[in-house]
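Here it is, the structure in full.
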Amino acid sequence: MENKFKFYNTLTKNIDTVIPHEEGKIAMYTCGPTVYHYAHIGNLRSYIMEDVLEKSLRYVGYEVKRVMNITDVGHLASDADTGEDKMLKGAKREHKSVLEIAKFYTDAFFSDCAKLNIKTPEVVEPATNCVPEFIRMIERLLENGYAYQAGGNVYFDTSKLEDYYVFSSQTEKELLVGVRDDVEEDANKRNKNDFVLWFTKSKFEDQALKWDSPWGTGYPGWHIECSCIGIKHLGEYMDIHCGGVDNIFPHHTNEIAQSESYLGHKWCGYWFHVQHLNDRAGKMSKSKGDFLTVSRLEELGYDPLVYRMFCLQSHYRKPLEFSFEILANTKAAYQKLVKRIAGLKEEGEPDSSVFQVYQERFTQALSDDLNTSMAITILYDLLKENTSDRTKTDLIRDFDRVLSLNLLSAGGMEAKEEQDEELTAYVNAKIEERAAAKKEKDFAKADAIREELLTKGIVLKDTREGVVWHKA
Ligand code: AMP
Ligand code: ZN
């Protein structure tokens, strides 16, 4: 296979060409959601970019098998094994059982993914399905001296590894030694970074789900699930492991520690990490409570695919700041784009040389560390190209295998939206007028504008990310 598909590998700190363990096939793993709340659009940035990575690999000719876990037990409020189980927190909040919460938010997650055209992985496995496998893996780690029992829990012994901080450079390693000083000490741990594989004694005795094990009734730690589910479905060698950058330490570091100690050899060669989506207050996170969801975007009049395009326009390794202003611009650009595409007639002769040139450019952009904004630029170049409409629509259909923006079918839908364009322009002008009045401290005028819009059935809302509006 001639592909030279490259991306930034967090493990080597280089842009590496992917060479899979088995020629032509990619074994890919994604850390799935912790299903105690809705996914926020930050989480979904990671899943959108991972979806583009998977589809790009398929586009350049790989066969991909992708596995995702669903975290429905063991993820404690702090990644350092302290605090309450997040699932229990969700159940208490909503006066439901943990299983009800897990089912509800797993369904909600896949419904959001469907709206964003994120493909469901070949295998999706909830952690609670795999307890016997976790127990087997922990038994082997104990037998081989990589784990120990203390105070009722089983811990991984990080001192048994030559290099525990696999993702860090030497200087970062020195800094990392002190990084967890603020974490409440667990007196059972032999080393500061040892982590729990199996809990029978945690501070939160009211954990809802517990299983029998050789070490007593309890529940698994969070990290073990990804090692186990990955090995269960992809075998001893994984090619690409993905997640958001917050997963690098400790989650992915601990996954490598467990998996390689268990297997006795290197486990996964390429680590793909997506930078965070931030709002003005910093990283968007579920625990902060106040976060944006796909449904909220829809309520505010945004097609979820506008958010997908928003993500594709920026590079996955750059932090992305969310604002409604940029989203509104993206909405306008998306509407214009699909309208322009809808105007193409599937007529004329396909021009194979133009087709090939564009396919190569598109492949090149994706293979170059997933340059999605360049891929979109190529789409715009194509629309300007002097070639038949047939060639254009054939290529757009081809590109949309990766971009997944419904480029050829959204046009009809957008005609309806067009009626709203005039209203949007009017409301935006009023919002600007109101902002100017506020700046001048003319609050009476600002309030009058809000009232005037209200009488026309338009509700304004001031949010951290700017002013948004919807029909009453
Ligand atoms: P969780 O449901 O909290 O386990 O997170 C699911 C995925 O979303 C993980 O891969 C996280 O690394 C990722 N993630 C969490 N917060 C953000 C954010 N603000 N921006 C992008 N990805 C995120
Ligand atoms: Zn994971």
Side-chain angles (χ1 to χ4, degrees), residues 10 28-51 53 66-79 83 85-87 89-90 101-102 105-106 108-110 112-113 116 118 121 124-127 130 134 195 220-234 238 240-259 267-268 271-294 307 310-311 314-322 465:
T10 317
M28 182 169 170
Y29 186 87
T30 300
C31 288
T34 311
V35 283
Y36 72 110
H37 218 318
Y38 290 108
H40 55 64
I41 60 170
N43 300 128
L44 291 161
R45 178 191 191 196
S46 287
Y47 294 112
I48 289 171
M49 299 320 289
E50 292 161 4
D51 180 67
L53 173 66
R66 177 139 171 237
V67 176
M68 182 194 276
N69 66 305
I70 300 288
T71 301
D72 53 0
V73 69
H75 193 171
L76 303 192
S78 146
D79 283 358
D85 190 304
K86 293 187 179 191
M87 293 302 299
K89 209 168 141 186
I101 290 284
Y105 287 113
T106 303
F109 173 73
F110 285 110
D112 286 345
C113 286
L116 290 162
I118 296 171
V124 176
E125 177 102 65
C130 302
F134 301 155
F195 53 93
W222 170 39
H223 316 293
I224 194 82
E225 68 180 86
C226 289
S227 293
C228 228
I229 294 173
I231 293 169
K232 177 176 173 186
H233 295 288
L234 296 170
M238 183 185 284
I240 302 176
H241 194 310
C242 325
V245 285
D246 57 314
N247 285 158
I248 297 174
F249 186 82
H251 185 48
H252 290 166
T253 305
N254 291 351
E255 277 189 47
I256 294 177
Q258 298 161 149
S259 302
W267 177 45
C268 176
W271 291 78
F272 176 87
H273 289 112
V274 181
Q275 258 293 353
H276 284 147
L277 179 83
N278 301 315
D279 56 25
R280 284 186 192 145
K283 179 197 161 199
M284 198 173 280
S285 83
K286 285 188 206 176
S287 50
K288 279 202 227 155
D290 173 25
F291 54 74
L292 282 167
T293 59
V294 166
Y307 179 63
F310 172 89
C311 291
S314 102
H315 196 253
Y316 75 93
R317 277 202 289 130
K318 291 208 181 100
L320 179 57
E321 183 162 335
F322 181 80
E465 294 83 11

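Order of appearance sets the numbers: ligands from 1, and atoms from 1 within every ligand.
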Shortest non-hydrogen contact from Phe272 to Glu50?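 What the structure gives for the nearest pair is CE2-CG, 4.1 Å.
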
Give the atom name of whichever N/O/S atom in His251 sits closest to the Zn ion (ligand 2).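 The closest N, O or S atom of His251 to the Zn ion (ligand 2) is NE2.
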
Do me a favour and list the nearest non-hydrogen protein atom to atom 7 (C) of ligand 1 with residue, atom name and distance?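 Sorting protein heavy atoms by distance from atom 7 (C) of ligand 1 puts Tyr47 OH, 3.5 Å first.
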
Specify the protein heavy atom at minimum distance from atom 18 (C) of ligand 1: its residue, its atom name, and the distance to 0.1 Å.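 For atom 18 (C) of ligand 1, the nearest protein heavy atom is His276 CD2, 3.3 Å.
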
For a side-chain contact (heavy atoms from CB on, under 4.5 Å) check, start with the C-alpha distance between Ile231 and Trp267, then their side-chain angles and the critical distance, and finish with the verdict. CA-CA 9 Å; Ile231 293 169; Trp267 177 45; 3.7 Å; yes

Asn69 pairs by side chain to side chain donor-acceptor pair (under 3.5 Å) with which of Glu225, Lys232, His233?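 For Asn69, the side chain to side chain donor-acceptor pair (under 3.5 Å) check succeeds only for Glu225.
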
Any N or O of Met284 that comes nearer than 3.5 Å to an N or O of ligand 1?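 Looking only at distances, the answer is yes, because the N/O contact criterion of under 3.5 Å is met.
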
Starting from atom 16 (N) of ligand 1, what is the nearest protein heavy atom, named by residue and atom, and what distance separates them?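 Protein heavy atom with the smallest distance to atom 16 (N) of ligand 1: Lys283 CE, 3.4 Å.
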
Considering both backbone and side-chain atoms of Gly243, is one of its nitrogen or oxygen atoms within less than 3.5 Å of a nitrogen or oxygen in ligand 1?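 In this structure, Gly243 places no N or O atom under 3.5 Å from an N or O of ligand 1.
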
Can you tell me if Cys31 has an N, O or S atom under 2.8 Å away from the Zn ion (ligand 2)?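 Checking the Zn ion (ligand 2) against Cys31, an N, O or S atom does fall under 2.8 Å.
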
Among all protein heavy atoms, pick the one closest to atom 22 (N) of ligand 1 and tell me residue, atom and distance.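 For this ligand atom, the closest protein heavy atom is Ser46 OG, 2.8 Å.
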
Kindly give the heavy-atom pair with the smallest separation between Gln275 and Arg317, and that separation in Å.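 Gln275 and Arg317 have their closest heavy atoms at CG-O, 3.2 Å.
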
Considering all heavy atoms of both residues, which atom of Val35 and which atom of Thr106 are nearest to each other, and what is their separation?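 Nearest pair, atom of Val35 first, then Thr106: CG1-OG1, 3.5 Å.
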
Aromatic rings His223 and His251: how do their planes relate, parallel, tilted or perpendicular, breaks at 30° and 60°?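 Tilted, since the angle between the ring planes falls between 30° and 60°.
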
For the student: nearest non-hydrogen atoms of Ser314 and Leu320, plus distance: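 Heavy atoms of Ser314 and Leu320 come nearest at OG-CD1, 3.6 Å.
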
Using heavy atoms and a 4.0 Å limit, tell me yes or no: is His40 in contact with ligand 1?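 Yes, that is the case, since the closest heavy atom of the residue is under 4.0 Å from the ligand.
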
Evaluate the ring planes of His252 and Trp271, with Trp represented by its six-membered ring, and classify them as parallel (under 30°), tilted (30 to 60°) or perpendicular (over 60°).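 His252 and Trp271: tilted rings.
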
What about Phe291 and Tyr38, are their ring centers closer than 6.0 Å?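 That pair fails the under 6.0 Å test.
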
Among protein heavy atoms, which lies nearest atom 14 (N) of ligand 1, and at what distance?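 Answer, as residue, atom name and distance: Asn43 ND2, 3.5 Å.
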
Closest protein heavy atom to atom 20 (N) of ligand 1, given as residue, atom name and distance to 0.1 Å: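 For atom 20 (N) of ligand 1, the nearest protein heavy atom is Leu277 N, 2.9 Å.
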
Taking atom 21 (C) of ligand 1 as the reference point, the nearest protein heavy atom with its distance: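 The answer is Gly42 O, 2.9 Å.
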
Can you name the nearest heavy-atom pair linking Pro121 to Met68, along with the distance?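 Scanning both residues, the minimum pair turns out to be CG-CB, 3.8 Å.
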
So for Asp246, does at least one of its heavy atoms come nearer than 4.0 angstrom to any atom of ligand 1?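 It does, in that a heavy atom of Asp246 comes within the 4.0 Å cut-off of ligand 1.
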
Students should be able to answer this: which protein heavy-atom is nearest to atom 9 (C) of ligand 1, and at what distance?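 Protein heavy atom with the smallest distance to atom 9 (C) of ligand 1: Asn247 OD1, 3.5 Å.
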
Is ligand 1 less than 4.0 angstrom away from at least one heavy atom of Thr71?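 No, Thr71 has no heavy atoms under 4.0 Å from ligand 1.
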
